[in-house]
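All values reported here derive from a predicted model rather than from experimental measurement. All ligand and atom numbering here is 1-based and tracks the order in the structure.
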Amino acid sequence: MAVPSPSGLLRGNALRLLRYLVLGAGLAAMMAITVPGLNPQSRSWLVVILWCCLGFFASELAIKSLTGAQAKAERNYFLTSSGIIDLLAVLPIPLALLIGVPADTAWLLVSLWLLKLAPAVPGLALLGRVIEQEARPLASVFVIFLIVLLLSAVALYALERTGQPERFGSLPQSLWWAVTTLTTTGYGDAVPQTFLGRMIAGTVMIFGLGVFGLWTGILATGFAAEHRRRDFIQNWDLVTSVPFLRNLDAPAVIELTHKLRRLDLAERNVVVRRGRPGDCMYFIASGEVEVKVEPQPVRLGAGSFFGEFALLDGGPRRATVVTTMPSTFLVLEVSDFRAFTAHHPELAKAVEREAARRRGTSEEEPLVGAQPASQIPEYRDE
Ligand code: CMP
C-alpha cells in the first residue's frame with residue numbers, strides 16, 4: 001500500500017479545511033438570503049458567494065472524475081458514494097434554475113452540501129454496519145409498528161369520523177393522528193372524544209414507548225457487539241504478535257484475547273512505579289520499555305513482558321518501568337491471570353521461569369526482547 005508523504009498529507013488536510021470553509025460560507029449565505037428585508041446589494045453579494053462556492057465544488061468534481069479516469073480506477077467515480085454526493089452538491093442547483101424554479105427556492109438546495117460531511121463522520125460507517133447486522137430484529141419491530149399504526153388509524157376513523165369529521169374524516173387524517181400518538185409526540189391537534197377512542201389512544205401510546213424502547217435496545221446491543229468484535233480482532237492481532245503467547249493453542253488465544261486490555265502509551269511514560277502495589281502484568285505488543293534495575297537498567301522490547309513479580313508473590317512492584325518510545329501493551333489483570341493459568345499451567349510456568357531468571361536464581365537464557373540499556377534522562381507518569 002502506498003504511504004502518503006508528509007507534504008501530501010499536509011496538502012490533503014489543507015484541502016479538507018478549505019472544503020469545510022467553503023461549505024460553511026455557502027450554508028451561511030443560503031440562510032442569510034432567506035432573511036426578509038435584505039437590501040439588494042447584500043443580496044447580490046450573497047448570490048456571488050453562493051456561485052463561487054458552487055464553482056469550487058464543480059471544479060472539485062471535475063478534477064476528481066478526471067484523475068479517477070486517468071488512474072483507470074476500477075469503479076466509475078460517479079458510481080461511488082462520494083461521487084454521488086459530489087454530483088448531488090453540484091447538479092441540482094443549476095438544473096432547478098434552468099427549469100424555472102425561483103432562485104430563492106433553488107438556492108435552498110445548498111443544504112445538500114451537508115452530505116459532504118458524511119464521509120468524515122466515522123460513527124456513520126459504524127451505524128451502517130450495526131443497522132446491517134441488526135436488520136432482521138429492526139425490521140420485525142418496524143412491522144409491529146406498522147401493524148399498530150394501521151389498526152389504530154382504522155379504529156379511530158371508524159369511531160371518530162362522525163363526531164369529528166374535520167380531524168378523523170379520512171384514513172390519511174386518522175393515520176396522521178396515529179403517527180403522532182404512536183411516536184408519543186402528541187401535537188394535540190386531533191384528540192379522540194369517544195370513550196373507546198381514548199382507550200385505544202392510551203394503548204397506542206404505551207405501544208409507542210415499547211416500540212421505541214425495543215429499537216433503542218436493539219441498536220445499543222448492536223453497537224456494543226460491533227465494538228466487542230472490533231476490539232477482539234485488534235487484540236487477536238496483538239496477541240498473535242507476541243511470540244511468548246503465539247505458542248498457545250487457538251482456544252487459549254481466544255480466551256486470552258477476551259481477557260486482555262489494550263494500552264497505548266507515548267514515549268517516556270511510567271508504566272509501573274517501584275514500591276506501588278501491582279494488580280496486572282503487561283505484554284509488549286510493540287515499542288520498548290526500560291526497567292530501572294541496578295546496576296544496569298534493562299530494556300525489554302516487543303514480545304517480552306513485565307509486571308509479573310507483583311502477580312506471582314503479591315508484593316509491591318520491584319522496579320520502575322518506563323517507555324522509551326510510543327508503545328502498545330496488552331494488560332492482563334491478576335484475577336484473569338489466575339483464572340487463565342488455572343487452565344493453562346504452561347503459561348504460568350513460563351512466566352515463573354522468566355521471573356526466576358530475572359531474580360537471578362536461574363541460568364536460563366533471557367526471553368525474547370531483553371537487553372541492557374543506558375539511562376533515560378527524564379520521564380513522566382502515564
Ligand atoms: P514487578 O515487580 O511487578 O514490576 C516491575 C517489573 O520489572 C517486574 O515485575 C519485572 O517484570 C520487571 N523486572 C524486574 N527486574 C527485572 C530484570 N532484572 N530484568 C527484566 N525485568 C525485570
Legend entry - Numbered atoms of ligand 1 (with element) below 4.0 Å of A319, judged on heavy atoms: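 In order of number, 5 (C).
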
Inset, instruction - May I ask you to list the atoms of ligand 1 that are less than 4.0 angstrom from any heavy atom of V293? - result: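 In order of numbering, the contacting atoms are 15 (N).
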
Inset, instruction - Determine whether the side chains of E290 and T324 contain a donor N or O and an acceptor N or O closer than 3.5 Å. - result: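 Note: E290 and T324 side chains miss the donor-acceptor criterion.
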
Considering both backbone and side-chain atoms of [X], is one of its nitrogen or oxygen atoms within less than 3.5 Å of a nitrogen or oxygen in ligand 1?
X: R357; result: no
X: G307; result: yes
X: F306; result: no

Legend entry - Short N-O contact, K349 and E352, less than 4.0 angstrom: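 Result for this pair is no, no salt bridge flagged.
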
Inset, instruction - Name the orientation class of the two ring planes belonging to F306 and Y282 (parallel below 30°, tilted from 30 to 60°, perpendicular beyond 60°). - result: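 Plane angle under 30°, so parallel.
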
Inset, instruction - Kindly say whether P192 contributes a backbone atom to a donor-acceptor pair with the side chain of R198 at under 3.5 angstrom? - result: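 Present.
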
Legend entry - Donor-acceptor under 3.5 Å (Q173 side chain, E166 main chain):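 Present.
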
Inset, instruction - Closest by any non-hydrogen atom to atom 3 (O) of ligand 1: pick that one out of R359, R358, R317. - result: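 It is R317 whose heavy atom sits nearest to atom 3 (O) of ligand 1.
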
Inset, instruction - Look at atom 11 (O) of ligand 1 and find which of E294, E308, K292 reaches it with the closest heavy atom. - result: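 Going through E294, E308, K292 one by one, E308 has the nearest heavy atom to atom 11 (O) of ligand 1.
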
Inset, instruction - List the atom of I84, the atom of L79, and the distance in Å for their closest heavy-atom pair. - result: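 Closest approach of I84 to L79: CD1-O, 4.2 Å.
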
Legend entry - Residue-ligand contact G278/ligand 1, heavy atom below 4.0 Å: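 No.
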
